[in-house]
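Structure first, then comments.
The figures here come from the full heavy-atom set of this structure, side chains too, leaving out hydrogens, waters and symmetry mates. Below, read A as the first sequence line, B as the second, and so on, with proteins coming before strands; counting in each chain starts at 1. The structure presented is a predicted model; accordingly, all values stated were derived computationally and were not measured.
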Amino acid sequence: MIDPKRLRTAPGDLARALARRGFALDVARIEALEARRKVAQKALEDAQAERNARAKAIGRAKAQGGDIASLMAGQEALAARLAAHEVELQAVQAQWDELAAALPNPPDDDVPDGRDERDNVTLRTVGEPPAWDFAVRDHVDIGGLLGGLDFGAGAKLAGARYAVLSAGLALLQRALTQFMLDLHTQVHGYTEVYVPYLANRDSLFGTGQLPKFEKDLFKIEGLEYFLIPTAEVPVTNLVRDATLSAGALPQRLVCHTPCFRSEAGAAGRDTRGLIRQHQFEKVELVQVTAPEDSARAHEELTGHAEAVLQRLGLAYRVVALCAGDLGFAAAKTYDLEVWLPGSGCYREISSCSNFRDFQARRLRARYRPREERPALVHTLNGSGLAVGRTLAAVLENYQEADGGVRIPEALVPYMGGLTTLRPSES
RNA sequence: GGAGAGAUGGCCGAGUCGGUCGAAGGCGCUCCCCUGCUAAGGGAGUAUGGGGUCAAAAACUCCAUCGAGGGUUCGAAUCCCUCUCUCUCCGCCA
């Protein structure tokens, strides 16, 4: 949510910032609503003040055994006035709230201009894509040779875009998860949390998935619960309605969860393989910081996600999203894209964003600076990493001519000492 | 799932038959005084959000908030209804 004060006093500036991400802010409507609001709120509050004063007078008179009848005159008219003003203010407020909730976060000044992903800026490329002396396979074909990657079974159990992993691949996915969690907790100083995989409306509103993106979520029939699309939702909501002491910041939390996305609107995209599934595993990094620290924390958090790729020996690049490609709640985002030899391109495997106070305002997540009134915190998060896509990346980057897969050194301890996965005999 | 109890400010906790209650008291915290250190003592202050006057700040003032939402009333922390959550006991259970 954007600062309503800013929306009221400087809608023009805001409109310019939002225009960078292709969002047209209706300044005239805002100014009209604001004018109405001002009148309505003043009128209502004046009427309330009068009601309070009269009630007090009546109470005082009654206590002294005085005459009340004269004081009661005109109360009905006042009550009617009060009700009318209340209706008007509520109507204005409802329109305002709806409008405000639909506004995306304005991009940071240093976010590159641009309309869509084609305008994103590659900041750096790390590692060399491996060279091959045989025809490379993608992870689906490799999985077919190894066994243990079964989309047919996923379709039977649930439907399209679900997979069943077994044996070596199930172990490899678990190894990746454990490796990431250990790295972030033991080396990067994050605290691991375990959270519910269902979230209520308040939580999803807090991080910005609602009200705009309900279509992308799985909803539990008959209940106001949604399957979480990312651990960002439950973990960030830990600080909802909280006032943290300054000393409690920054908070660095890491959480492994399955993620559920209905992928509405993605029909026909990335239908092959593990890239775009309805259910996938992810290790998520979340930070809650003081406002002045969030920019630095964003760089650090991105580095923490990069460290996973580096230790796995995977080539990747870091991309600054342009204003037009930013997510709804993000002020600035770096994507990490891993090299996938099977498709010969870099694919997003992590997205690291600084939300500034946008989520915090929705969450009412504050902290108490020394000697000052409470102020909103800043929130950040990033995938560290998406496990399913990392699994695909490892399979493709560590494949051998016969369809076997070497285990990256960092993962060997998590694989019970196994150093390769061998194609099955069948 | 059944029965009962509860939800008040940073924390604990009081709120009598609805009226001057944004809320006693305590703890904590901040500032000041006193005390040669330490301990103890005295005084003052200490919720959040929003509006108005204003270019803005300060200041003044108004409104809202005692789990959430409705209702009754001139007036609700106090009465009524719905919901949420917590606790206790019973049942069931990984």
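- For the C1' atoms, the distance from B:C66 to B:A76 is 11 Å, rounded to whole Å.
- Rounded to the nearest Å, the gap between the P atom of B:G13 and that of B:A56 is 45 Å.
- Under the Watson-Crick or G-U wobble criterion, with both distances below 3.5 Å, B:C60 is paired with B:G52.
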**OP:** Given side-chain hydrogen bond (donor to acceptor under 3.5 Å, both in side chains), test A:T379 with A:Q359 step by step and report yes or no.
**Re:** CA-CA 7 Å; A:T379 61; A:Q359 291 182 328; 2.7 Å; yes
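- Side-chain N/O atoms of A:R51 include none lying less than 4.0 angstrom from OP1 or OP2 on B:A76.
- Checking B:A77 for Watson-Crick or G-U wobble geometry (two distances, each under 3.5 Å) identifies no partner in any strand.
- When both pairing distances are held under 3.5 Å, B:G22 makes no Watson-Crick or G-U pair with any nucleotide shown.
- A gap of 13 Å separates the P atoms of B:A7 and B:A68, to the nearest Å.
- Evaluation of the salt bridge (Lys or Arg N to Asp or Glu O under 4.0 Å) test over residues 228-257 of chain A, restricted to residues two or more places apart or in two chains, returns A:D241-A:R364.
- Comparing the C1' positions of B:A77 and B:C92 gives a spacing of 39 Å, expressed to the nearest Å.
- Take the nearest nucleotide of RNA chain B for A:A55 and for A:A49: the residue whose nucleotide is more 5' is A:A55.
- For the pair A:H85 (side chain) and A:R81 (backbone), a donor-acceptor distance under 3.5 Å is present.
- Straight-line distance from the CD atom of A:E76 to the C1' atom of B:U73: 13 Å, rounded to whole Å.
- Side-chain N/O atoms of A:R368 include one lying less than 4.0 angstrom from OP1 or OP2 on B:U48.
- The same atom, P, is picked in B:C87 and in B:U82; the two are 23 Å apart, to the nearest Å.
- Contact annotation: A:N52 side-chain N/O to B:G19 OP1/OP2 distance is not under 4.0 Å.
- A distance of about 16 Å separates the C1' atoms of B:G25 and B:U46, rounded to the whole Å.
- In this entry B:U72 has no Watson-Crick or G-U wobble partner, no candidate having both defining distances under 3.5 Å.
- A salt bridge does not link A:E214 to A:K219: none of the charged side-chain nitrogens sits closer than 4.0 Å to a carboxylate oxygen.
- A:V412 pairs by the side chain to side chain contact (heavy atoms under 4.5 Å, CB included) definition with A:I407, A:T419, not counting sequence neighbours.
- The only member of A:E281, A:H184, A:E192 that meets side chain to side chain donor-acceptor pair (under 3.5 Å) when paired with A:H256 is A:E281.
- Judged by the 6.0 Å and 45° rule, A:R362 forms a cation-pi pair with A:F205.
- The nearest whole Å value for the distance from the CD1 atom in A:I58 to the P atom in B:A76 is 12 Å.
- Mapping A:D46 and A:K62 onto RNA chain B via the closest heavy atom, the residue that lands nearer the 5' end is A:K62.
- Base pairing of B:U65 is made with B:A47, judged by Watson-Crick or G-U wobble geometry with both donor-acceptor distances under 3.5 Å.
- The partner of B:U16, taking Watson-Crick or G-U wobble pairs whose two distances both stay under 3.5 Å, does not exist in any strand shown.
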Are any protein N/O atoms closer than 3.5 Å to N/O atoms in nucleotides 49-55 of chain B? If there are, list each pair with its distance.
| from | atom 1 | to | atom 2 | distance (Å) |
| --- | --- | --- | --- | --- |
| B:G49 | OP1 | A:R366 | NH1 | 3.3 |
| B:G50 | O2' | A:Q41 | NE2 | 3.3 |
| B:G50 | N2 | A:E45 | OE1 | 3.3 |
| B:G51 | OP1 | A:R8 | NH2 | 2.1 |
| B:G51 | O4' | A:Q41 | NE2 | 3.0 |
| B:G51 | O3' | A:R37 | NH2 | 3.0 |

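- Between the NZ atom of A:K56 and the P atom of B:A76 there is a distance of 12 Å, rounded to whole Å.
- Atom name P, nucleotides B:G6 and B:C17: the rounded distance is 15 Å, in whole Å.
- Base pairing of B:U86 is made with B:A5, judged by Watson-Crick or G-U wobble geometry with both donor-acceptor distances under 3.5 Å.
- The interatomic distance linking A:D202 (CG) with B:G69 (P) rounds to 12 Å, in whole Å.
- A distance below 6.0 Å separates the ring centres of A:F358 and A:F328.
- For A:Q48 and B:G22, the CD to P distance is 14 Å, given to the nearest whole Å.
- Between A:N200 atom CG and B:C85 atom P there is a gap of 9 Å when expressed in whole angstrom units.
- Put simply, CD on A:Q93 is 18 Å from P on B:C63, counting in whole angstrom units.
- Here the side chain of A:T191 pairs no donor or acceptor atom with the backbone of A:V254 at under 3.5 angstrom.
- To the nearest whole angstrom, the two P atoms, one in B:C79 and one in B:A14, are 16 Å apart.
- A:H85 has its NE2 atom 15 Å from the P atom of B:A64, to the nearest Å.
- B:G41 and B:C33 make up a base pair, with Watson-Crick or G-U wobble contacts both under 3.5 Å.
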